[in-house]
Amino acid sequence: MDKASSHLAPPETPRAFGFYLDGGFVPAGERETFLRTSPGHGVPVTSIPTCSAEDVDTAVASARAAFEDRRWSGLNGADRAAVLLRTAEIIRRRAEEIAYWETLENGKPISQSRAEVGGCVGMFEYASGLARSLHGDSFNNLGDGMFGIVTREPVGVCGVITPWNFPFLILCERVPYILASGNTLVVKPSEFTSATSLILAEIMTEAGLPDGVFNVVTGPGRTVGQAMIEHMDIDMLSFTGSTRVGRSVVEAAGKSNFKKLGLELGGKNPQIVFADADLEDAADGVAFGIAFNTGQCCVSGSRLIVERSVADAFGRMVADKLAKAVVGDPLDEATQIGAITTDAQNATILGYIAKGQDEGARLLCGGEALDLGQGQYIAPTIFSDVTPSMSIAREEIFGPVLTILPFDTVEEAIAMANDTEYGLAASVWTKNIDKALMITRRVQAGRFWVNTTLSGGPELPIGGMKASGWGREAGIYGVEEYTQVKSVHIELGKRQHWIE
Ligand code: TXE
């Protein structure tokens with residue numbers, strides 16, 4: 001797995017993982033195992049235990065014990081920071097291994113996996129500083145007889161349920177921030193992409209994280225995930241996935257212990273392009289925004305809302321760009337667009353492409369599965385002659401499918417951008433600062449890009465408005481989400497008696 005060895009290939013036999021409990025791997029033993037097939041190669045690559053609801057109980061008990069005896073929350077911020085920094089160092093050292101398994105299970109290009117792992121190093125490094133700088137507030141204005149302090153405390157045992165589209169990145173956008181304030185964790189990765197979450201567990205133990213602070217249970221959402229969302233002893237849960245399951249997470253929280261929730265759900269994100277934009281840059285950005293990670297991004301720019309005077313020409317520019325993108329073996333360094341991660345998602349995307357044609361939209365490019373001799377691939381696809389009511393313009397497709405909607409006025413562009421149940425992300429392309437700021441203010445989205453798209457880093461928070469979710473991850477916002485605030489009132493001097 002040396003980066004220099006240019007001919008990466010899938011393993012000859014699947015790598016068997018255990019799940020992770022109390023500082024060590026637990027082999028599958030008598031449990032069933034799930035054999036994950038690489039979507040880019042069609043061969044089995046990993047074998048993952050199917051945990052039971054009892055395994056979830058054991059993992060939560062381990063995280064609870066680690067929280068209650070304060071082996072992590074009782075450390076000072078500097079000691080927690082040291083563990084997070086050592087984790088960053090080890091991720092950097094094992095980056096090639098992590099990228100390899102990420103690409104095998106997910107189907108994303110190896111160059112992209114490497115870049116994502118690099119981004120995850122930054123998440124741990126940044127969060128380490130926050131472990132030291134997190135603080136509360138004080139009120140010295142309550143008169144001579146009273147002093148007020150607001151402290152931040154960790155919430156307790158946190159559950160994290162992640163999807164298959166960015167298994168390692170989404171995990172690292174949460175875990176170091178959750179750990180910074182002293183919480184303990186039980187993580188459930190998607191059943192399709194568990195390997196890199198398990199590797200992270202091993203790395204954190206090596207970095208000095210006390211046993212029991214970070215546990216990973218593996219298996220399907222409907223059993224293992226469901227046991228977590230209903231659990232009475234998980235204090236807060238971060239869920240990233242479909243809006244449908246997000247709804248059941250909210251219901252389960254209401255029926256169990258009212259656990260605090262963080263939700264990052266679907267998106268149908270607008271890319272608003274004005275005629276006065278640098279159209280070369282915008283075409284590249286729009287192509288990237290829809291084809292990056294084969295469009296399997298909650299923040300992918302799937303609705304192109306473009307000024308009518310340039311709409312036809314701009315659509316062709318984006319199509320020309322996409323025609324040059326290299327679709328192929330995810331383990332090949334040159335590949336820019338990899339495989340579709342799951343069979344179900346492949347069927348969903350092809351279903352939407354057929355539906356778009358049935359509804360009367362016109363294919364500008366793509367529109368078909370690509371036969372590369374192995375794995376499952378779909379050509380980047382653009383639809384024009386789309387109307388706002390078509391399902392391809394309204395529903396999250398989660399694939400490389402772009403719809404073009406022309407507009408005539410700024411007000412119309414804003415209305416179209418907001419004409420969705422979602423509010424996760426949006427981009428605007430214009431050289432006019434007035435228009436750029438007006439759009440930024442009025443379009444409802446948790447993440448916004450001006451003359452770029454899909455950029456990010458540990459400083460800026462992640463999350464959505466409307467049906468795209470609740471709360472924010474990453475940055476100082478991500479640390480504060482996983483704390484609870486306590487108001488402390490300190491009376492000074494002799495008490496004025498209520499009963500004389
Ligand atoms: O998501 P699920 P799926 C969207 C996207 C995609 C669709 C379906 O539109 O086409 O969702 O993808 C766990 N209780 N997004 O089916 O099922 C599951 O095991 C608790 C957008 O894969 O929501 C996995 O770990 N957990 C999204 C996680 O939830 C349950 C990313 C997500 O899976 C559960 C992924 C249950 N009852 C898909 N059922 C984004 N916002 O990035 C499943 N899970």
Side-chain angles (χ1 to χ4, degrees), residues 34 36 39 48 50-51 53 56 105-108 159-171 173-174 186-194 196-197 216-231 234 237-253 255-256 259 261-269 292-300 302 340-352 378 391-392 394-401 420-425 445-447 454 456 462-471 473:
F34 174 72
R36 172 63 176 153
I48 308 286
T50 300
C51 290
V56 173
E105 285 194 333
N106 170 279
K108 65 178 71 198
V160 176
I161 297 179
T162 56
W164 42 256
N165 57 339
F166 291 95
F168 197 64
L169 183 65
I170 287 177
L171 185 70
E173 285 168 347
R174 286 149 182 76
V186 177
V187 169
K188 192 207 87 69
S190 162
E191 51 273 41
F192 302 107
T193 53
S194 304
T196 53
S197 299
V216 183
V217 287
T218 49
R222 66 178 184 284
T223 51
V224 185
Q226 191 69 29
M228 283 179 66
I229 67 179
E230 290 172 0
H231 210 286
I234 290 180
L237 191 113
S238 161
F239 172 80
T240 309
S242 61
T243 305
R244 181 184 64 80
V245 178
R247 227 175 268 288
S248 49
V249 172
V250 173
E251 281 165 15
K255 285 187 188 145
S256 57
K259 53 181 69 63
L261 297 178
L263 303 171
E264 193 186 340
L265 310 172
K268 191 72 180 174
N269 311 293
F292 177 70
N293 215 47
T294 50
Q296 298 175 121
C297 290
C298 49
V299 289
S300 73
S302 50
I340 304 300
T341 304
T342 69
D343 296 349
Q345 194 57 36
N346 201 54
T348 299
I349 300 168
L350 293 173
Y352 272 111
I378 294 178
S391 55
I392 53 168
R394 303 208 74 78
E395 293 166 24
E396 182 180 50
I397 298 175
F398 221 57
V401 183
T420 166
E421 64 181 306
Y422 296 115
L424 199 56
R447 294 174 81 183
L454 303 191
I462 295 166
M465 298 180 181
K466 303 201 281 187
S468 291
W470 293 349
E473 308 284 355

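Both ligands and their constituent atoms are indexed starting at 1 by order of listing.
Shown here, atom 16 (O) of ligand 1 is out of close reach of the protein: none of its heavy atoms lies under 4.0 Å off.
For atom 41 (N) of ligand 1, the closest heavy atom belonging to the protein is Leu265 O, 2.7 Å. For atom 37 (N) of ligand 1, the closest non-hydrogen atom of the protein is Gln226 OE1, 2.8 Å. For atom 38 (C) of ligand 1, the nearest non-hydrogen atom of the protein is Phe398 CE2, 3.8 Å. Glu396 OE1, 3.5 Å is the protein heavy atom nearest to atom 4 (C) of ligand 1. Shortest contact from atom 40 (C) of ligand 1 to any protein heavy atom: Cys298 CB, 3.3 Å.
In this structure a side-chain-to-backbone donor-acceptor pair under 3.5 Å is missing from Asn165 to Thr341. In this structure a side-chain-to-backbone donor-acceptor pair under 3.5 Å is missing from Lys268 to Glu396. Using modelled atom types, no side-chain atom of Gln296 and backbone atom of Pro400 make a donor-acceptor pair closer than 3.5 Å. In this structure a side-chain-to-backbone donor-acceptor pair under 3.5 Å is missing from Asn106 to Thr193.
Near Glu191, meaning under 4.0 Å from one of its heavy atoms, ligand 1 places the atoms 18 (C), 19 (O). Ligand-side atoms of ligand 1 in range of Ile161: 13 (C), 20 (C), 25 (O), 26 (N), 28 (C), 29 (O), range being under 4.0 angstrom from any heavy atom. Each of the atoms 41 (N) of ligand 1 lies under 4.0 Å from some heavy atom of Glu264. Near Pro163, meaning under 4.0 Å from one of its heavy atoms, ligand 1 places the atoms 31 (C), 35 (C). Remark: ligand 1 atoms within the under-4.0 Å shell around heavy atoms of Gln345 are 6 (C), 10 (O). If you number the atoms of ligand 1 from 1 as listed, the ones under 4.0 Å from a heavy atom of Gly225 come out as 14 (N), 20 (C), 26 (N). Against a heavy-atom cut-off of under 4.0 Å, Ile229 is close to the following atoms of ligand 1: 14 (N), 20 (C).
By the 4.0 Å heavy-atom criterion, Asn165 is counted among the residues contacting ligand 1. Contact annotation: Phe239 has at least one heavy atom less than 4.0 Å from an atom of ligand 1.
Taking OG from Ser302 and CZ from Phe398, the interatomic distance works out to 10.5 Å, rounded to the nearest 0.5 Å. Atoms OG1 and OH, from Thr243 and Tyr422 in turn, are 3.5 Å apart once rounded to the nearest 0.5 Å. Atom CD1 in Ile161 sits 11.0 Å away from atom OG in Ser190 (nearest 0.5 Å). The distance from atom CD1 of Ile340 to atom CD1 of Ile378, rounded to the nearest 0.5 Å, is 4.5 Å.
Looking at Ser242, Gly469, Gly464, Gly221 and measuring to atom 23 (O) of ligand 1, the nearest heavy atom belongs to Ser242. Around atom 28 (C) of ligand 1, the closest heavy atom drawn from Thr162, Val160, Val245 belongs to Thr162.
Under 4.0 Å from ligand 1, the heavy atoms of Trp164 that appear belong solely to its side chain.
Considering all non-hydrogen atoms of both residues, Val250 and Leu261 come closest at CA-CD1, 3.8 Å.
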**Item:** Step-by-step salt bridge (charged side-chain N to carboxylate O under 4.0 Å, His left out) determination, Arg36 to Glu105
**Value:** CA-CA 7 Å; Arg36 172 63 176 153; Glu105 285 194 333; 5.8 Å; no
**Request:** Take Thr342 and Trp164 through the test side chain to side chain contact (heavy atoms under 4.5 Å, CB included) and record every step on the way to the result.
**Result:** CA-CA 9 Å; Thr342 69; Trp164 42 256; 4.0 Å; yes
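Residues Thr240 and Arg174 bring a donor and an acceptor atom of their side chains to less than 3.5 Å of each other.
The shortest N/O to N/O separation between Ser248 and ligand 1 does not fall below 3.5 Å.
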